[in-house]
Amino acid sequence: MEVLSFLADGILVALEPINLLLILIGVTVGLFIGAMPGLGSVNGVAILLPITFLVPPGSAIIFLAAIYYGAMYGGAISSITMGIPGASTAVATTFDGRPLALQGRASLALVTAALASFVGGTVANILFTLFAPLLANMALSFGPPEIFALMLLAFATFVGLGGDDIPKTIFSICLGLVLATVGFDTISGEPRLVLFDIQGFLRGIGFIVLAIGVYGIGEMLWTIEQTRGEVTTTNPKMTAKGMLSDTKEAVRRGWKGTWIGSILGFFVGVLPAAGATPGSLMSYGVAKMVSKNRDEYGKGSPDGVAAPEAANNAASTGSMLPMLTLGIPGSPTTAILLGGMVIWGLTPGPRLFVDESEFVWGLIGSFYISNIAALFINLAFIPLFVWMLRMPFTILAPLIFVLSIVGGFAASRSLHDLWLIVIFGLAAFFLRKFDYPLAPAVLAIVLGPIAEPTMRQSLLLSSGDPMIFFTRPIAGPITVIAIILILLPAIKLLRPKRSKGAA
Amino acid sequence: MKLTKRFFLGMAAGTALATLPISALAQEWQPKRPIDFTIMAGPGGGADQIARFVQSVVEANDMMSRPLVPTNRGGGSGAESLLHLKDARDADHTLMVTLNSFYTTPIRQEGLGVDIEAFTPITMMGVDPFVLWVHKDSGITTFEEFIAKVKEMDGEYVMGGTGTGQEDSIVIAYMSGAFGLDIKYIPYDGGGAVAKDLAGQQIMATVNNPAEAKGFYEAGDFVPLLVFSDERMETFPDVPTMKEKGHDFSYYNQRAIVGAPGMSDEAAAYYRDVFGKVYESEDWQSYLTSESLSPLPMDEAQTRAYWATQVANHRKLLSEIDG
C-alpha cells in the first residue's frame, strides 16, 4: 500500500521535535479556547495565524490544525460543566451533557466526550487516509439540490427532538428560520429584515449569539427560578478509581452514539457547504432516532454526549479533505487555514497532494498525533473542570454570566451582539416557561442559512420546477427519506395511541 | 496591573531602542493604541487573505509600534464595514481593506448614506483582474465556441457567481449585453463555492479572480477563455482580452487599504509610509506575481480621481443590470 508508506513518512514528520512541541501547545491552547463560551476554533486559528510565520509552513499548519482539534475537544467542556456551548460545534453536547453534570455525573460526561472525540477523530483520519480522492469526487457531486436534500434530512431527524409537542417544535423551527433570514440575502443581493434599521442586523444573527443567549443566560435564569437560588449539585467526587469506572461506563453506554457520530460526522464534514456544526446536530438526531431508549435522551444519555462529540471531531477532519484535495474550505476554520496556505506560498487545489506531498502527509500524520495528544491532555484536565463544579452556585452563576458576556463579545467585538444575547436569554426563559423546546430553533439558525440559498439555487437551475429535488440520482433518495421521516410523527399522531415503549 | 504595564513599557522601550537607528525620529505621529483593521468581507476570501498577509508582513518586520487587529465585517455586502468606518469614533486608528463593494454597495444601498469620497486614501495594494472559465469536459476551448454554445442552449446555459450586483455579475452582465447572450445566473455566497460547483460541473462557466480558480487551472480542470484586463495577462499569454474581441471593457477588483473619513493628515502619512513599505517588500511583490494581481501604484490625488471614475462607471454598469 503506497498510501501507508506516505502516512508513515507523514507521522515521522509530525513527530519531529518542533512539530511535536507545536502539537502539544496547539492542542492545549485549543482546548482552552474551545472551552471558553463563544470562542471556538475559528477565533483561535484567526488570532494565532500571524504567529505561525515564525516557523516553516509545514509546522505552521500542523500547529493550527492542532488548535482546531483541541478546540473540538474543548467545546464539550463548558457544554457539560456550565451548559453553555463552548463552541458552535458543541451545542448538541449540552442536550445530554448538562443533565448528566446536574446529576453529579460530570466526569462521566467529560470522559464520554473525550473518548467519543478520540474515536471520531481516528475513524475520520483512517477514512481520510484511505479514500481521500474518492471522497473528493463525492463532495463535487453534491450540488445545490443535494445539499438542500441533506438539510431537509437534518430537519427531519430533529422534528422529534423537542419531545412530544410537535406544533411547538415546528413553531420553534420556524422562529429559528426567520432569525436565520435576517441580514444580507446573497441570491437577490439585497439586505432584508434589517430590524428597526439597526445596522448590526446587516451582518445577520450569528448562531453563537443565539446559543449563548439561550443556553448561557436563559438556562441560568431558569435554574435560578426553579431552585430559588439554592442549587445543590451533587458533590462530584474525583478519584482515579472513579474515573476508571466512568471510562468503562462511557464505553458501555456511549459506543453506539460514538459510531453514528464518527461516520455521519465525517461524511457531512466532507461536504464543503456543511461542516462540523450541522454534522454534530444531525448525528445527535440520528442517534436519538435509532436508539431503543429514546426517552433517556435529553435527560442524561451518554450516547447523546458521544454522538455529537464524535461527530464534531470526525467532521473537523472531514472538512480538511475538500481543503486539501480541492482547495475549497469545508468550514469557516478551514477557510482561514486556506488563507494561511496562500500566505505561506502554497497553492491550494487539486495539485497540492502531488506537488506538496510532504506538506500534506505531514499534516495528515499530525492529525493522528494531535488526536492522541488531545485525548490525554483532555483526560488530564478533567479533574480540574469537575472541581470547578464544586463551587457554590452563588459564585458559579455570576461566573457563567460573565463568561457568556465576555465570550459573546470576544467572538465578534460588537456590542450589538451583546444586547441580542441578553434579549435572546430573556426570550428563551419565557419560552421555556411555556414549554417551548428551544433546540429546534438553534438547529434552524444553523441549517437555515445553508438550506435556504441551496433551495433557491436549485429552483433557479430548474427554472422553478421542484421536481429537481426528486429526479437527480443523489438528491432524489435523500429527499424521499427526509419526507417519510417528517411524515412519520404525523401518521403516529393520527393513529390511536399504542402502549408506549413497546418497541 | 501596574507591574504588567511597567513590564510592557519596558519591553516597548527596549524594542524602540533596538530599532532606533532604522526608523525612529523620522516620524512625528505614531499610533497610540491597537489599530482597527476592518475587512470588508468574510473570512477566507480574497480581501481577508490580503489583510492577513499584510498583517503578517507588518508583524514579521516590526513595522508598527501597535498591532493591527483584523476584524471581518462583511455583513450587507460590506455595508457593515462602510458604516463602521463612517461612524468611527477614532478615525486615526481605523483602517479598512476593500474590494469593489466599496463602490457598489453605497450605490445599491443608498439608504446607508455613505459617501466614499469622504474616506481617506491610504495605499493601493494592487488590482485583481477577472477571467472567464469553463470546465475542460465541456470541450469548449475558445471564446467563440463559448458564444456559440450559449446561443445554442437558448437561456439554459448556467453560470455561477457571487451574487447580483457583485463584481462578477457586472462582468457577466456586460458580456451578455455586448454579445446578446441569455445566461442563467446562479448566485453563491463566495468564490470558493462557485469554483467547487464548476469543478463538479453543477454550473457550466464562471467569471472569477485568477487566485480562486488557480488550483483547478493548474490541475487542468478549468480552461480560461477570456480575460477582462487591459492587456493580456502574463499568466495566461494565449488568452485574448475582451478588448481584442472588439469591446472597450476591462474590469478589476480593487485591493486597497482605506482610512476612515476624517483621519488626520499626520496619521494618514504614517500609514501611507508603513503600507508603502509593505507594498515594496519582497513578500508582497511575490504575492502579486503568484496571485496574478496587477500593480497599480497611486498617490492620494490619483486615488481620489480613480475613485471618482470608478463610482461613475459602477453607477452606469449597475443601472444597466438593474434597469
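Only a predicted model underlies this, so the values are computations on that prediction, with no experimental measurement involved. Atom set for the values below is all heavy atoms of this structure, side chains included, hydrogens, waters and symmetry mates excluded. Just so we're on the same page: letters track the sequence lines, and every chain starts at 1.
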note = Rounded to the nearest 0.5 angstrom, the CD1-CG distance for B/Ile186 and A/Leu460 is 4.5 Å
query = What distance separates B/Gln49 CD from B/Ile39 CD1, expressed to the nearest 0.5 Å?
reply = 11.0 Å
What part of [X] is in contact with chain A, defined as an atom under 4.5 angstrom from a non-hydrogen atom: side chain, backbone, both or neither?
X: B/Ser290; answer: neither
X: B/Ala60; answer: neither
X: B/Gln166; answer: side chain
X: B/Ala193; answer: neither
X: B/Gln55; answer: side chain
X: B/Tyr188; answer: both
X: B/Tyr287; answer: side chain

task = Examine whether an atom of A/Leu461 lies under 4.5 Å from a heavy atom of chain B, and if so say whether it belongs to the side chain, the backbone or both; otherwise answer neither.
result = both
request  = With a 4.5 angstrom heavy-atom cut-off, could you sort out which part of A/Pro144 is near chain B: side chain, backbone, both or neither?
outcome  = both
ask   = Parallel, tilted or perpendicular: which fits the ring planes of B/His314 and B/Tyr103, with parallel below 30° and perpendicular above 60°?
value = parallel
message = Which residues pass the salt bridge (Lys or Arg N to Asp or Glu O under 4.0 Å) test with B/Asp283, not counting sequence neighbours?
response = none
Non-hydrogen side-chain atoms of [X] and [Y] separated by less than 4.5 Å:
X: A/Ile478; Y: A/Glu146; result: no
X: B/Met204; Y: B/Val134; result: no
X: B/Lys184; Y: A/Ser463; result: yes

inquiry  = Please check if the number of heavy atoms outside A/Phe131 that lie under 6.0 Å from its CZ is greater than 12.
reply    = no
request  = Could you tell me which of B/Ala211, B/Ser77, B/Ala199 has the largest number of non-hydrogen atom pairs under 4.5 Å with chain A?
outcome  = B/Ser77
query = So which of B/Glu156, B/Glu59, B/Gln109, B/Gln202 has the largest heavy-atom pair count under 4.5 angstrom toward chain A?
reply = B/Gln202
note = Among A/Asp185, A/Ile187, A/Leu337, the residue with the most heavy-atom pairs under 4.5 Å to chain B is A/Ile187
